[in-house]
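Heads up: the structure comes next, in structure tokens.
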Amino acid sequence: MDHTSHDAGATDDRAAHRAHGPSGGHSGHSDHVDHRHGGVTWSTAAKATLHCLIGCAIGEILGMVIGTALTWGNVPTMVLAITLAFLFGYSFTMFAVLRAGVDFRSAVKVALAADTVSIAVMEFVDNGIIALVPGAMDAHLTDALFWSSLLGGFVVAFVVTTPVNKWLIGRGKGHAVVHAYH
């Protein structure tokens, strides 16, 4: 495995971490990526996935509620829900990176690099679950089937996306690009 390009980009990060002292200034972040060896814990992957899931869930639920309340068809409702899931997912990362002092354009780039694959997998899985549950797409806001299929889809999406995020973070991609701004 060739880590030369990752290690070259990580050199500045390691120097910045050393400037924070022997612990790298990351007390409380001990389960993060070991950039030198590509190691990542399941805890780190789960936290990254949960971070992504929260933004996705807010956008997805909002889109499903709006589309269902306006009695839109299934396709426009799902398009709205997926669009809002990406918007909220990216926004959560962008706000954190902007708070770290990064300019808006760079924050957008970081959010796209950090979250695109995770959000895409999550949306594919949870919308697939909703589409496959008989009657879920036609359920109303007051139906338990609406909420159970939506929430069940999030649970399955979390389980499927966590290993994807572990793999990405271990290679210095996905949520790993946000670590420089913690």
Side-chain angles (χ1 to χ4, degrees), residues 1 6 31-33 38-97 107-179 181-182:
M1 180 178 286
H6 174 70
D31 61 349
H32 278 67
V33 179
V40 60
T41 66
W42 282 103
S43 174
T44 298
K47 288 176 186 174
T49 305
L50 185 60
H51 173 267
C52 184
L53 179 67
I54 291 169
C56 288
I58 291 170
E60 178 112 8
I61 290 169
L62 185 60
M64 291 294 217
V65 167
I66 291 169
T68 302
L70 296 175
T71 64
W72 287 1
N74 293 340
V75 172
T77 297
M78 283 190 114
V79 168
L80 177 63
I82 291 168
T83 301
L84 290 177
F86 272 91
L87 180 69
F88 277 85
Y90 288 142
S91 295
F92 275 32
T93 297
M94 283 182 53
F95 290 139
V97 174
V108 169
K109 289 179 182 179
V110 168
L112 291 172
D115 294 333
T116 298
V117 172
S118 183
I119 295 172
V121 170
M122 204 166 285
E123 286 304 299
F124 179 78
V125 172
D126 74 60
N127 281 286
I129 298 291
I130 294 166
L132 292 174
V133 171
M137 291 299 298
D138 297 319
H140 297 282
L141 295 174
T142 56
D143 295 336
L145 181 60
F146 175 88
W147 294 103
S148 63
S149 62
L150 188 60
L151 298 177
F154 291 143
V155 170
V156 174
F158 178 83
V159 170
V160 171
T161 308
T162 299
V164 172
N165 281 331
K166 185 176 188 307
W167 183 82
L168 287 168
I169 295 167
R171 280 143 190 82
K173 298 178 188 322
H175 189 76
V177 301
V178 178
H179 288 242
Y181 304 101
H182 282 234

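Computed from a predicted model, the values in this text were never measured in an experiment. Atoms considered below: every heavy atom in the structure, side chains included; atoms not considered: hydrogens, waters and symmetry mates.
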Pair up each side-chain donor or acceptor in residues 54-68 with any protein partner under 3.5 Å, not counting sequence neighbours, and list the distances.
unit_1 : atom_1 : unit_2 : atom_2 : d
E60    : OE1    : N127   : ND2    : 3.4
E60    : OE2    : N127   : ND2    : 3.3
T68    : OG1    : M64    : O      : 2.7

Can you confirm whether I119 sits close enough to C52 that some side-chain heavy atom of one is under 4.5 Å from a side-chain heavy atom of the other?
yes
Counting only pairs under 3.5 Å, give me each side-chain donor-acceptor contact of residues 143-152, with atom names and distances, residues two or more places apart or in other chains.
unit_1 : atom_1 : unit_2 : atom_2 : d
D143   : OD2    : H140   : N      : 2.8
W147   : NE1    : L141   : O      : 2.6
S148   : OG     : A144   : O      : 2.9
S148   : OG     : L145   : O      : 3.4
S149   : OG     : L145   : O      : 2.8
S149   : OG     : F146   : O      : 3.2

Among residues two or more places apart or on two chains, list those pairs meeting ring pair (Phe, Tyr, Trp, His ring centres under 6.0 Å) that have a residue in residues 43-78.
H51-H175
Within-4.5 Å side-chain heavy-atom neighbours: V164 and M122:
no
Sequence neighbours excluded and cut-off under 3.5 Å, please list the side-chain donor-acceptor pairs for residues 73-91, or say none.
unit_1 : atom_1 : unit_2 : atom_2 : d
T77    : OG1    : G73    : O      : 2.8
T83    : OG1    : V79    : O      : 2.7
Y90    : OH     : T116   : OG1    : 2.7
S91    : OG     : L87    : O      : 2.6

Using every non-hydrogen atom in the two residues, find where A48 and I169 come nearest and quote the distance to one decimal.
CB-CD1, 3.8 Å
Heavy-atom closest pair, residues V178 and A114
CG2-CB, 3.4 Å
How far apart are the closest heavy atoms of N165 and S118, and which atoms are they?
ND2-OG, 3.1 Å
Mind jotting down which residue pairs meet the side chain to side chain donor-acceptor pair (under 3.5 Å) criterion with at least one end in residues 151-161? Sequence neighbours excluded, please.
none
Going by ring pair (Phe, Tyr, Trp, His ring centres under 6.0 Å), name the pairs with one or both residues in residues 114-137, residues two or more places apart or in two chains.
none
Value for CG (L53) from CG (L50), rounded to nearest 0.5 Å, stands at 6.0 Å
